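These notes concern the structure reproduced below.
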Amino acid sequence: MEKQKKIGLNAFLLLLGLVPIVVGVIISATMSYSSLKNALIEATESKISAVAENAAGYYGVDWTAWMERGIEAGDEAFIDGCKAEDVEMTIFREEGGQVVRYLSSIRDDSGNRVKGTTTTDEITAACYGKGETVHSDGVMINGKPYYVCYKPIKEGGKIVGMSFAGEPDAKIQKELKSLLTKTVIVSVIVILAFVIIIVVLARMVVGTFKAITDATVRLSEGYINDDIDAQSPLKEFAELIVAAKKLQENLQMIVGNIRQTSGNLSTSVSDTNGLCTSSAEGSSQITTAVAELATASQSMAEAVQDLNENMLEIGNSINTIEDSVKALSASSEVMDEVSNEAKENITAVYESSEKSVNAVNNIASHMDELARAIREVSDATKLISDISSQTNLLSLNASIEAARAGEAGKGFAVVASEISSLANQSDEGVKKIDDVIKRVLDLSNLSMQLTEDIKVTISDEQLKVQSTQDSFMKLKSEIDASIEQIGNIAKDATILAEAKDSAIGSVSDLSAISEENAASTEEVTASIENLSSNITDISVRSDDMASMSETLIGAVSAFKEE
């Protein structure tokens with residue numbers, strides 16, 4: 001496609017101002033020339049009409065006497081009186097039935113006066129026949145065209161001849177040509193004057209407009225800090241210059257704000273990524289701690305199961321002791337056999353008691369580890385809570401910067417809202433974890449208390465079993481004294497049965513606590529998974545924000561700082 005040709009503002013303004021002026025001058029010159037031409041023709045007609053009237057009056061006063069005496073020198077002097085003004089005169093009279101020239105100032109090429117010629121039949125009929133004054137142009141006389149006027153000559157009210165006054169057409173054309181030349185010269189002078197004025201004004205306008213155009217081009221190329229050096233006496237151009245400077249100031253402010261916002265956004269994204277990394281590490285630590293807690297809970301459950309089995313064995317042993325005491329009371333003859341069996345049973349009980357002590361110690365150790373793991377989880381949740389607070393602060397800052405950015409910052413406002421939502425979810429997750437940890441700590445403390453109670457009970461049991469074993473060691477040598485101790489053994493057996501029931505109840509409670517610990521561990525694990533998912537989502541949104549920041553920086557890079 002052919003590229004459209006363009007013209008400069010100077011040429012456009014020159015054409016815009018000159019065309020109507022030229023057209024107006026041409027129209028005015030044409031009208032003036034036409035008016036002057038008509039005025040010249042009317043003046044010529046008036047002049048030759050007056051000359052013809054004067055001749056008709058001069059010769060009509062004494063026409064008959066003049067015809068009788070003939071032409072005299074004075075007559076020729078009168079008829080030649082207007083030749084100095086290039087006006088020819090002629091007197092027509094009737095000869096032989098035709099109206100012919102009788103006296104004339106017109107001369108032929110030989111210098112002789114033109115006589116005996118006629119005019120046209122129409123003129124003759126109108127003037128000589130009807131007595132009308134006849135004006136005409138282009139009438140050929142002696143081979144030359146004339147502007148003419150014919151008037152009837154009357155004597156006593158009767159038409160006796162015609163007077164003629166005529167001016168050569170060449171003179172009229174010469175005057176008209178001179179008039180046209182003068183009109184053209186004046187028109188050209190007027191046009192030149194207007195051209196000069198238009199050029200001066202165009203330079204004033206174009207200089208200012210070019211300065212504004214150059215400044216606008218520099219702005220479009222990104223050079224927003226170049227000074228706009230332009231002035232104009234024209235109100236509209238002065239307002240345009242002020243508007244251009246205001247536009248430049250606004251662009252400088254907008255671009256500066258975008259650059260600052262982009263830098264702040266990039267820093268915020270970097271900080272957010274760091275927080276996400278730290279949160280991920282904290283979440284990993286929490287996951288590890290929870291896994292250790294789950295392992296500890298499992299170990300505690302197994303220990304509780306072992307303890308339960310041991311307590312059942314203790315119960316069986318106590319039942320055996322009760323049966324033995326009853327057998328001793330029923331028959332002292334078989335005391336020795338029973339004492340041997342009791343010795344074996346007591347030994348078994350002592351070994352079982354040692355196992356119970358070891359189991360209880362293991363449980364206490366695991367409970368300590370559980371409490372320590374729970375404290376680590378609490379520390380991790382505090383870290384996540386701090387991260388959530390920092391994320392909320394980051395979201396608030398991003399929302400503020402987005403509000404400052406206006407329409408261009410709507411995307412940041414959405415991301416900031418999402419970050420705030422994720423931070424709130426993280427905070428809720430932390431609160432849930434804190435609640436679970438509190439419950440676990442309470443249950444753990446209760447378990448530890450129960451374990452201490454069991455340890456005290458079993459310690460008492462060991463002392464009593466040891467005492468019973470010592471007593472049965474002396475039984476063979478002091479069989480008689482044994483009978484007296486049977487009552488005491490019965491009492492001790494009763495106490496041991498009560499302790500057994502209490503220990504079994506404590507073990508059942510410890511088992512329930514272990515199950516609650518396991519359930520709490522599952523809840524903590526689920527919360528940690530939710531937190532990890534939120535952190536991953538925050539990281540993805542941070543990447544999106546980083547991409548937006550790079551896009552902003554790339555867009556603003558089109559504007560030069562210098």
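Everything numeric in this text was worked out from a predicted model, so none of it was measured.
Here Thr124 contributes atom OG1 and Glu94 contributes atom CD; the two are 10.5 Å apart, rounded to the nearest 0.5 Å. Annotation: the span from Leu36 atom CG to Tyr33 atom OH amounts to 9.5 Å, rounded to 0.5 Å. Interatomic distance, CG of Asn54 versus OG of Ser49, reported as 11.0 Å (0.5 Å rounding). A distance of 10.5 Å separates SG of Cys149 from CD1 of Ile123, quoted to the nearest 0.5 Å. To the nearest 0.5 Å, atoms OG (Ser187) and CG (Leu180) are separated by 9.0 Å. With values rounded to the nearest 0.5 angstrom, Thr117 atom OG1 is found 3.5 Å from Arg101 atom CZ.
The aromatic rings of Phe92 and Tyr150 lie tilted to each other, with the angle between the two planes from 30° to 60°.
For Lys83 against Ser105, the heavy-atom pair with the smallest separation is NZ-O, 3.2 Å. In terms of heavy atoms, Tyr59 sits closest to Ile79 at OH-N, 4.0 Å. Across all their heavy atoms, Ser163 and Ala56 have their closest contact at OG-CB, 3.4 Å. Of all non-hydrogen atoms in Ile172 and Leu40, the two that sit nearest each other are O-CD2, 4.2 Å. Closest non-hydrogen pair, Asp62 versus Ala65, comes out as OD1-CB, 3.0 Å. Closest approach of Val114 to Ser104, counting heavy atoms only: O-CB, 3.2 Å.
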Apply side-chain contact (heavy atoms from CB on, under 4.5 Å) to residues Leu393 and Asn397 and explain how you reach the verdict.
CA-CA 6 Å; Leu393 181 59; Asn397 291 335; 4.0 Å; yes
One pair to check against side-chain contact (heavy atoms from CB on, under 4.5 Å): Cys127 and Met162. What are the steps and the verdict?
CA-CA 7 Å; Cys127 185; Met162 293 189 306; 3.4 Å; yes
What's the verdict on side-chain contact (heavy atoms from CB on, under 4.5 Å) for Ile141 and Ile106, showing C-alpha distance, side-chain angles and the deciding distance?
CA-CA 9 Å; Ile141 301 174; Ile106 301 173; 3.4 Å; yes
For Val99 and Arg93, what are the C-alpha separation, side-chain angles and deciding distance, and is it a side-chain contact (heavy atoms from CB on, under 4.5 Å)?
CA-CA 5 Å; Val99 180; Arg93 72 173 183 176; over 6 Å; no
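Summarising the local packing, CG of Asp109 is surrounded by 12 or fewer heavy atoms from other residues, nucleotides or ligands at distances under 6.0 Å. More than 12 heavy-atom neighbours from other residues, nucleotides or ligands sit within 6.0 angstrom of NZ on Lys171. Counting heavy atoms of neighbouring residues, nucleotides and ligands inside a 6.0 Å radius, atom CE of Met140 exceeds 12 of them.
Put simply, the side chain of Glu167 reaches to within 4.5 Å of the side chain of Lys47, judged on heavy atoms. Residues Ile48 and Lys151 fail the side-chain proximity criterion, which asks for heavy atoms closer than 4.5 Å. Counting heavy atoms from C-beta outward, Tyr128 and Val134 have side chains that stay 4.5 Å or more apart. Side-chain contact between Thr133 and His135 is present, with at least one heavy-atom pair separated by less than 4.5 Å. Between Thr90 and Leu103, the closest side-chain pair of non-hydrogen atoms is not below 4.5 Å. The closest side-chain heavy-atom distance from Tyr147 to Val139 is not below 4.5 Å. The side-chain heavy atoms of Asp137 and Val148, taken from C-beta on, include no pair separated by under 4.5 Å. Counting only heavy atoms from C-beta outward, the side chains of Ile71 and Tyr102 approach each other to under 4.5 Å.
Taking the ring pair (Phe, Tyr, Trp, His ring centres under 6.0 Å) definition, one finds that Tyr146 meets it with nothing, sequence neighbours left out.
The backbone N or O of Ser34 sits less than 3.5 Å from a side-chain atom of Asn38, completing a donor-acceptor pair. In this structure, Asp75 contributes its side chain and Glu72 its backbone to a donor-acceptor pair below 3.5 Å. A distance-only check finds a donor-acceptor pair linking the side chain of Thr30 to the backbone of Ile26 [under 3.5 Å].
Each of Lys182, Lys174, Glu175 was checked for a side-chain contact (heavy atoms from CB on, under 4.5 Å) with Ser178, and the lone residue meeting it is Lys182.
Two rings, from Tyr58 and Phe78, have their centers less than 6.0 Å apart.
Taking a cutoff of 4.0 Å between a charged side-chain nitrogen and a carboxylate oxygen, Arg439 and Asp434 do not qualify as a salt bridge.
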